[in-house]
Each structure stands twice: as C-alpha cells, then as structure tokens.
Amino acid sequence: MINRLVKNKLSIALLCFLLDLGLSLWSYFEVTNYDKFTKSIKAVVSSPDFQVQIYQVLIQTLTFSLMLFLVAHLIIYFLFCKSKKFAIKYVRFYTFMATVSCVLMIATKVYAAIIPALLYGLCFKAIGPITKESK
C-alpha cells in the first residue's frame with residue numbers, strides 16, 4: 001500500500017509540475033507577442049523606443065518570475081513526495097486555486113484551459129485521501 005501511495009504522490013507531483021510548466025510556457029508566449037503588446041500600449045506610451053524598453057523589462061520580469069515559480073514548485077513537489085505535511089496542504093490548496101483559475105480562464109474564452117482545469121481538479125481530488133492520512 002505504501003509503495004502504491006508513493007507512486008500516486010509521484011504521479012500527482014509530476015502531473016502538477018507538467019501542468020505548471022505548460023501554463024508557464026503558454027503565458028510566456030502570450031505575453032511575448034509583440035504585436036499585441038504594441039496595440040495595448042500605444043494609447044499610453046507614444047514613443048516607440050520607450051515601448052521597446054518597457055517590452056524588454058516585461059519579458060525579463062516575466063522570465064524571472066516564471067523561473068522562480070517553477071523552481072519553487074519543483075521543491076514543493078519534491079517535499080510533497082516525501083510526505084511533508086505543509087507540502088501536502090500547499091499542493092492541495094494550490095491545485096484547488098489552479099482549478100478555479102483555469103475555470104475563470106475558460107469563462108474569458110481561453111478554451112485551452114479546459115484540459116488543465118480537469119487535470120488540476122483530478123489532482124485536487126486525488127490529494128484528498130493523502131491529506132487525511134497525513135493528519
């Protein structure tokens with residue numbers, strides 16, 4: 001039973017990390033679309049040079065933030081596999097919030113979020129018994 005639970009935790013952690021990675025890449029490519037950026041910023045900033053500088057800062061900040069997010073979650077998922085109580089609670093809360101966020105994305109017509117919403121929801125449901133066992 002313990003071996004099955006470890007495999008289950010490992011598969012949950014791996015699936016969550018892959019979903020995080022996929023959504024991070026999707027976010028990166030959405031934000032790095034320069035044409036969309038210039039359309040939205042033209043009303044605020046008229047100087048093309050300043051627009052490019054703002055765009056570069058945006059890209060650097062986003063890249064750093066996503067890398068920090070992925071590294072932090074990699075550590076959390078490792079601790080989750082090691083059955084650390086705080087990591088289990090964090091992953092349970094995170095999967096719930098990620099499911100809600102994906103549902104909100106679907107509501108705003110980002111239909112690519114259907115699959116992550118379902119998978120995060122399944123992970124949330126699978127973590128329920130693990131949370132009860134860790135108490």
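One-based numbering along the sequence shown. None of these values were measured; they are calculated from a predicted model.
As a member of the Ile/Leu/Val/Met/Phe/Trp/Tyr network built from side-chain separations under 4.5 Å, Leu118 groups with Ile106, Tyr111, Ile114. Grouped with Val57 in a hydrophobic cluster is no other residue, since no side-chain heavy-atom contact under 4.5 Å to another Ile, Leu, Val, Met, Phe, Trp or Tyr is found. Chaining together hydrophobic side chains whose heavy atoms lie under 4.5 Å apart places Trp26 alongside Met105, Val110. Cluster note: Phe93 groups with Phe96, Met97, Val100, Leu104, Phe124 through ILVMFWY side-chain heavy atoms spaced under 4.5 Å, whether in direct contact or through intervening members.
Under the 4.5 Å side-chain contact rule for hydrophobic residues, Leu79 and Tyr94 do not share a cluster. Note on Ile115 and Leu15: same hydrophobic cluster, where clusters join Ile, Leu, Val, Met, Phe, Trp and Tyr whose side-chain heavy atoms are under 4.5 Å apart, directly or indirectly. No chain of hydrophobic side-chain contacts below 4.5 Å, direct or via other Ile, Leu, Val, Met, Phe, Trp or Tyr residues, connects Val71 to Tyr90. A single hydrophobic cluster is seen to contain both Phe69 and Leu25, as judged by linkage of ILVMFWY side chains at heavy-atom distances under 4.5 Å, directly or through other members.
The minimum heavy-atom distance linking Leu62 with Ser27 is given by the pair CD2-O, 4.3 Å. The shortest non-hydrogen separation linking Ile12 to Ala126 is CD1-CB, 3.6 Å.
Between atom NZ of residue Lys84 and atom NZ of residue Lys89 there is a gap of 14.5 Å, rounded to the nearest 0.5 Å. Here Leu68 contributes atom CG and Thr63 contributes atom OG1; the two are 12.5 Å apart, rounded to the nearest 0.5 Å. Distance check: Ile59 CD1 to Ile54 CD1 gives 12.5 Å after rounding to the nearest 0.5 Å. In this structure, CG in Leu122 is found 10.5 Å from OG1 in Thr95, a value given to the nearest 0.5 Å. If you take SG on Cys81 and CD1 on Ile88, they are separated by 9.5 Å, rounding to the nearest 0.5 Å.
With sequence neighbours excluded, no residue forms a ring pair (Phe, Tyr, Trp, His ring centres under 6.0 Å) with Phe78. With sequence neighbours excluded, no residue forms a ring pair (Phe, Tyr, Trp, His ring centres under 6.0 Å) with Tyr28. Shown here are the salt bridge (Lys or Arg N to Asp or Glu O under 4.0 Å) partners of Lys36, two or more places apart in sequence or in another chain: Glu30. Partners of Ser65 under the side-chain contact (heavy atoms from CB on, under 4.5 Å) rule, at least two apart in sequence or in another chain, are Thr61. For Tyr77, the ring pair (Phe, Tyr, Trp, His ring centres under 6.0 Å) test picks out His73, with sequence neighbours left out. Partners of Leu23 under the side-chain contact (heavy atoms from CB on, under 4.5 Å) rule, at least two apart in sequence or in another chain, are Cys102, Pro116, Tyr120.
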Side-chain donor-acceptor contacts of residues 45-52 below 3.5 Å, not counting sequence neighbours, with atom names and distances?
{"from": "Ser47", "atom 1": "OG", "to": "Phe50", "atom 2": "N", "distance (Å)": "3.4"}
{"from": "Gln51", "atom 1": "NE2", "to": "Val45", "atom 2": "O", "distance (Å)": "2.7"}

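Taking the side chain as every heavy atom from C-beta outward, Leu18 and Leu119 never approach each other to under 4.5 Å.
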**Report entry** Phe37/Thr32 under side-chain contact (heavy atoms from CB on, under 4.5 Å): CA gap, chis, key distance, verdict
**Finding:** CA-CA 8 Å; Phe37 174 78; Thr32 57; over 6 Å; no

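Tyr34 and Tyr55 have perpendicular rings, their planes meeting at more than 60° on a 0 to 90° scale where under 30° would count as parallel.
Applying the 6.0 Å contact sphere to CG of Leu70 captures more than 12 heavy atoms from other residues, nucleotides or ligands.
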